[in-house]
Amino acid sequence: MTLSYSSIEFVVNRERCQVSVPPMKRLLDVLREDLGLTGTKEGCGEGECGSCSVRVDGELVNSCMIPVLQAQGAHIETVEGLSKSGELHPLQKAFLACGGAQCGICTPGMLMAATHLLAQNPTPSITEIREGLAGNLCRCTGFVRIFDSVIASIAQSHAGPGRKSHAG
Amino acid sequence: MRGDPQAHQLVAPGTLHGVLSLLAEEPGAWTPIAGGTELMVAYAAGRLNHRKLVSLWGIPDLRWIEVSTDSVVIAAGATFRDLRDHPAIAAEFPLLAKAAGWIGSIANQSRATLGGNLVNGSPAADSSPALLVYDAEVEMISACGRRRAPYREFHIGYKRNLLAPDELLYAVHVPRRNAGQRQYIRKVGTRRAMAISKTALAGRVLLQNRVVQEIRLAAASVAAFPARLYRAEDALLGKAISPETMRATRAALLSEIVPIDDIRSTAEYRRVVTANLLQEFLSSFAPDGTIR
Ligand SMILES: Cc1cc2nc3c(=O)[nH]c(=O)nc-3n(C[C@H](O)[C@H](O)[C@H](O)COP(=O)(O)OP(=O)(O)OC[C@H]3O[C@@H](n4cnc5c(N)ncnc54)[C@H](O)[C@@H]3O)c2cc1C
Ligand code: FES
Ligand code: FES
């Protein structure tokens, strides 16, 4: 069977993009292979680990579970969109400062899940942080440093301009 | 082996009408894909045999929740996130809201649809026991029209259901008449986040002067598909909760469930734990904890 490619347009990290790919290609693979956005990682490839987490139209999703045709017209945010003009996002700084990343495979997904959580709830409790990250697995850190990183980033963003020292 | 994107055709007509016309033209040739959280797992493993897929994602006519005087109607394409967020569901159908929070992670719930859960028809489907105890009805749709059936009749075998090849599940109707009733649901899995159930039990009871006036019980993972526990219900109807009714109900339950051994648990564990869940529910409304 010869199958045609689809022309798909969406907005990735505030930039309009257009790709011509098989419609069943996973959003994860389109981001990595066609757009060169290799920050988004593949862990399990079956929805269990969250390392491929991105935000699509403001919802947290696993990009390994989405055929790219279903992202037609969507607004997509990946880990590459977190830093602004060369400056790391407060969450990224906190992960660096608190040892929230070791091998780094889970980190982009953790950052996106944490970004999503804080977008919905800027001052989550520790239980809410645990729940917000429950779909993201880490084989290295034992999770505590990841939760600490999220807490630190919240403390940082509430510390006010006077204490805006670099966390690293 | 991995899924090969070139081996599958995927189209997105974008409207309900467009999807139904496609299904009518070639009944059985097209497989609907909604949130993809079942089908994409099969695809990733190279196990997706369907060659032609039609997307239901992003079709507004399939994603809504409507509250009328006597029922809440949930479109098949509503996600479990939509269900969790809906005030009427949280207030009146707590079992359904709770089950929605069980369907994998947040990232899974933002894609997983109610229709996909029911049509996939896993014996462990988390939304099923709640819908069974709420006497839900399913509404199916094709280019020829719509029809309704009680949800308890929807599953007809392991992963088999009432849908014709040119039909979609359209909506689920849940009657609003649970005020003053006791409700129960509990899932037993390996861990809290993201584990498929070893067993799950839901119940709803209307008591008058301690006598059971109406009772619904349903379980997951104890038969080829999620099912009502009719014999256990019969053992309770019209009775007051006493140690004897409790024993009879437990025996009735054990006579009707047919769990299996699989990678998640054993048949024996499922029998014992499902009966214990039932006992926990009944004890919660026993007059003075007489139940043992
Ligand atoms: C990591 C992970 C964890 C999970 N955990 C759970 C869990 O704890 N409990 C649980 O119950 N499930 C769980 N699931 C399974 C899955 O998320 C649910 O069954 C989900 O509701 C499926 O919906 P979907 O829209 O994604 O289905 P899809 O994959 O899009 O479709 C599933 C099936 O339904 C058919 N279909 C979909 N919509 C319609 C329609 N309207 N009419 C006709 N046919 C239709 C499709 O053709 C397909 O056969 C999990 C999945 C993953 C990946
Ligand atoms: S790679 Fe997508 S959830 Fe694991
Ligand atoms: S840092 Fe290695 S998996 Fe989390």
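This is a predicted model, so every value here is computed, not measured. In what follows, every chain begins at residue 1, and chains take the letters A, B, ... in the order their sequences are listed.
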Determine, step by step, whether B/Gln6 and A/Lys25 satisfy the side-chain contact (heavy atoms from CB on, under 4.5 Å) criterion, reporting the C-alpha distance in whole Å, the side-chain angles of both residues, the deciding distance to 0.1 Å, and the verdict. CA-CA 8 Å; B/Gln6 306 256 32; A/Lys25 193 166 181 176; over 6 Å; no

In terms of heavy-atom proximity below 4.5 Å to chain B, should A/Cys44 be classed as side chain, backbone, both, or neither? neither

Side chain / backbone / both / neither for B/Ala34 at chain A, heavy atoms under 4.5 Å: backbone

Counting only heavy atoms closer than 4.5 Å, note whether B/Leu39 contacts chain A via side chain, backbone, both or neither. neither

Has B/Arg264 got more than 12 heavy atoms of other residues, nucleotides or ligands less than 6.0 Å from its CZ? yes

Using a 6.0 Å cut-off, check whether atom CD of A/Gln18 has over 12 heavy atoms from anything other than its own residue. yes

Taking all non-hydrogen atoms of both residues into account, name the closest pair between [X] and [Y] and its distance.
X       : Y        : value
A/Pro22 : B/Pro5   : CB-CB, 3.9 Å
A/Ile66 : B/Met40  : C-CE, 4.1 Å
A/Asn62 : B/Ser105 : ND2-OG, 4.3 Å

Can you tell me how far CD of B/Glu38 sits from CE of A/Met65, rounded to the nearest 0.5 angstrom? 9.5 Å

To the nearest 0.5 Å, tell me how far B/Gln109 CD sits from A/Leu60 CG. 10.5 Å

Check whether any side-chain heavy atom of B/Asp4 sits under 4.5 Å from a side-chain heavy atom of A/Met24, and report yes or no. no

A/Glu48 vs B/Val41 side-chain heavy atoms within contact, under 4.5 Å: no

In terms of side-chain heavy atoms, does A/Glu46 have a donor or acceptor partner in B/Tyr43 at a distance below 3.5 Å? no

Using atom types as modelled and distance alone, determine if a side-chain donor or acceptor of B/Ser110 lies under 3.5 Å from a backbone N or O of A/Glu59. no

Can you tell me which of A/Ser6, A/Ala74, A/Pro67, A/Gly132 forms the most heavy-atom pairs within a distance under 4.5 Å of chain B? A/Pro67

So which residue, A/Val61, A/Leu117, A/Val56, ends up with the most heavy-atom pairs under 4.5 Å with chain B? A/Val61

